[in-house]
Amino acid sequence: MASMGGQEANEQDHKLTLSLPREKGWACSYLYLFQDFWFPSIHIHGVNNCQKYFQAKDNDVLVASIPKSGTTWLKALTFSVVNRQRFTFENHPLLTSNPHELVPFLEFVFREGINDQIHQYLSNLTEPRHFGTHIPFPSLPKSIKESNCRIIYICRNPFDTFISAWTFFNKIKPESSPELTIEDAFERYYKGIIGFGPYSNHMLGYWKESIDKPNKILFLKYEDLKEDANFHVKRIAEFLGCPFTQEEESSGVIESIIKLCSFEKMKDLKVNKSGIVDMNIEKKNYFRKGEIGDWVNYLSPSMVEKLSKSIKEKLTGSGLSFKPCP
């Protein structure tokens, strides 16, 4: 698979980025409107390259989400469910590797284009290959949409997603940049200006496709997974064609997977307390609270009213809704 020289490709990407509408970013200087969604410039390169070069396989597994909606947890669960015959719980890769290392983001893998090193990396991955992505459904590579690979999408109550994103991006911003106030962040989020947003369009893209093609996309909500992990882990296994046997269920395999991938367990692991992963982000920043309804401690009544009205307008008629938090 040939590609243009790296320098030439970078110049083309740079020209493309400069031609796009832009707004102030969260942890980066600017977000750019590309294919109707907002991206940091480096992710435009990654999405572009994914569309050009990624060849999906029918047994690939893709974990999709908008940032800060349960991605890390779902990556861990999905990897553990599929690979439960390969590893023991006492000597599991999740005990020594961050979920983002075991299930890499497609847009990060391809952010520099394609070369022999990436070819080698992809060919060395154990099948079924697992990838993560924040790419909106309309911008997914054609090979993903046309192959039989499976997509599991997770979303979260937009209120909690906002608070998680705001605190996360303030942690990873350059030290020279001022903190993003909750008021500034809220106005951007409300307008849909967040990486890979608007959040509502991102959710609805996968939601509608999951209704049209239920064998292709499994749509999950973070809150449902928290409420009944056992039920939804079984759904994940069935969707991926590797349902739990009666023997596995009675011997506690599902419970062991849930415990291994729990927020408390992963946050407490040495591997997740230090070191960096994609884009030089400290691993510890991926584990904050993992709670439902934490937004009530941050949002003003006017913010709640404004966002509630917006969510209702955007989701009305879609069949997608979220339970009100206490």
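Only heavy atoms go into these numbers, but all of them, side chains included; no hydrogens, no water, no symmetry mates.
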>> Count I, L, V, M, F, W, Y as connected when their side-chain heavy atoms are under 4.5 Å apart, and connections chain through other members. Are F231 and F244 then in the same cluster?
In response: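 Not linked; separate clusters.
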Answer yes or no: is there a donor N or O on one side and an acceptor on the other, between the side chain of [X] and the main chain of [Y], under 3.5 Å?
X    : Y    : result
N170 : L180 : yes
R188 : I194 : no
S139 : P136 : no
D58  : S147 : no
T71  : P67  : no
K216 : C149 : yes

If the threshold is 4.0 Å, N to carboxylate O, is there a salt bridge linking [X] and [Y]?
X    : Y    : answer
E127 : K57  : yes
K234 : E249 : yes
K191 : E23  : no

>> Here's one to test your reading of the geometry: is the NZ or CZ of K75 within 45 degrees of the ring axis of F105 and under 6.0 Å from its centre?
In response: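 Checked: cation-pi criterion met.
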Residue pair [X] / [Y], side-chain heavy-atom distance below 4.5 Å:
X    : Y    : answer
Y222 : W73  : yes
K314 : P198 : no
V103 : P99  : no
R156 : K226 : no
Y199 : I311 : yes
L299 : F162 : yes
H45  : P40  : no
E248 : I254 : no

[X], [atom1]: over 12 other non-hydrogen atoms inside 6.0 angstrom:
X    : atom1 : answer
E255 : CD    : yes
D36  : CG    : no
K208 : NZ    : no
D116 : CG    : no
K265 : NZ    : no

>> side-chain contact (heavy atoms from CB on, under 4.5 Å) for F54 and S143? Distances and angles first, verdict last.
In response: CA-CA 7 Å; F54 181 64; S143 70; 3.9 Å; yes
Please tell me whether [X] and [Y] form a close aromatic pair, meaning their ring centres lie under 6.0 Å apart.
X    : Y    : result
W26  : F168 : no
H202 : F137 : no
F196 : H43  : yes

To the nearest 0.5 Å, what is the distance between [atom1] ([X]) and [atom2] ([Y])?
X    : Y    : atom1 : atom2 : value
L307 : F186 : CG    : CZ    : 5.0 Å
T133 : F108 : OG1   : CZ    : 9.0 Å
L240 : I152 : CG    : CD1   : 4.0 Å
H232 : L74  : NE2   : CG    : 12.0 Å
L320 : W207 : CG    : CH2   : 5.5 Å
S262 : D268 : OG    : CG    : 9.5 Å

> If you measure only the distance, is there a donor-acceptor pair under 3.5 Å linking the side chains of Q35 and Q51?
Replying inline: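 The criterion, which ignores hydrogens and geometry beyond distance, is satisfied for Q51 and Q35.
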Do you know the tightest heavy-atom contact between [X] and [Y]?
X    : Y    : value
S80  : C261 : OG-SG, 3.4 Å
V82  : P128 : CG1-CG, 3.5 Å
I66  : H134 : C-ND1, 3.9 Å
F219 : S210 : CB-OG, 3.7 Å
F239 : N215 : CE1-O, 3.6 Å
I257 : V81  : CD1-CA, 4.1 Å

>> I'd like to know whether Y32 forms a side-chain contact (heavy atoms from CB on, under 4.5 Å) with I44, so could you lay out the CA-CA distance, the side-chain angles of the two residues, the decisive distance to 0.1 Å, and finally the verdict.
In response: CA-CA 8 Å; Y32 297 86; I44 292 173; 3.5 Å; yes
> Relative to each other, are the rings of Y153 and Y206 parallel, tilted or perpendicular (30° and 60° limits)?
Replying inline: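 The rings of Y153 and Y206 lie parallel, inter-plane angle below 30°.
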> side-chain contact (heavy atoms from CB on, under 4.5 Å) between H92 and S97: does it pass, once the steps are laid out?
Replying inline: CA-CA 9 Å; H92 201 280; S97 298; over 6 Å; no
>> Under the ring pair (Phe, Tyr, Trp, His ring centres under 6.0 Å) test against F159, which residue among Y190, W295, Y298, F322 passes?
In response: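 In the set Y190, W295, Y298, F322, the residue that makes a ring pair (Phe, Tyr, Trp, His ring centres under 6.0 Å) with F159 is W295.
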> Going through the checks in order, is the side-chain hydrogen bond (donor to acceptor under 3.5 Å, both in side chains) test met by K306 and S302?
Replying inline: CA-CA 6 Å; K306 191 172 181 179; S302 63; over 6 Å; no
> Can you check side-chain contact (heavy atoms from CB on, under 4.5 Å) on L16 and F34, steps first, answer last?
Replying inline: CA-CA 9 Å; L16 168 65; F34 176 64; 3.8 Å; yes
> Can you name the one residue among D184, T161, I182 that meets side-chain contact (heavy atoms from CB on, under 4.5 Å) with W166?
Replying inline: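 Going through the options one by one, the only one that passes is I182.
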> Taking it one step at a time, do N297 and D294 satisfy side-chain hydrogen bond (donor to acceptor under 3.5 Å, both in side chains)?
Replying inline: CA-CA 6 Å; N297 299 310; D294 187 43; 2.9 Å; yes
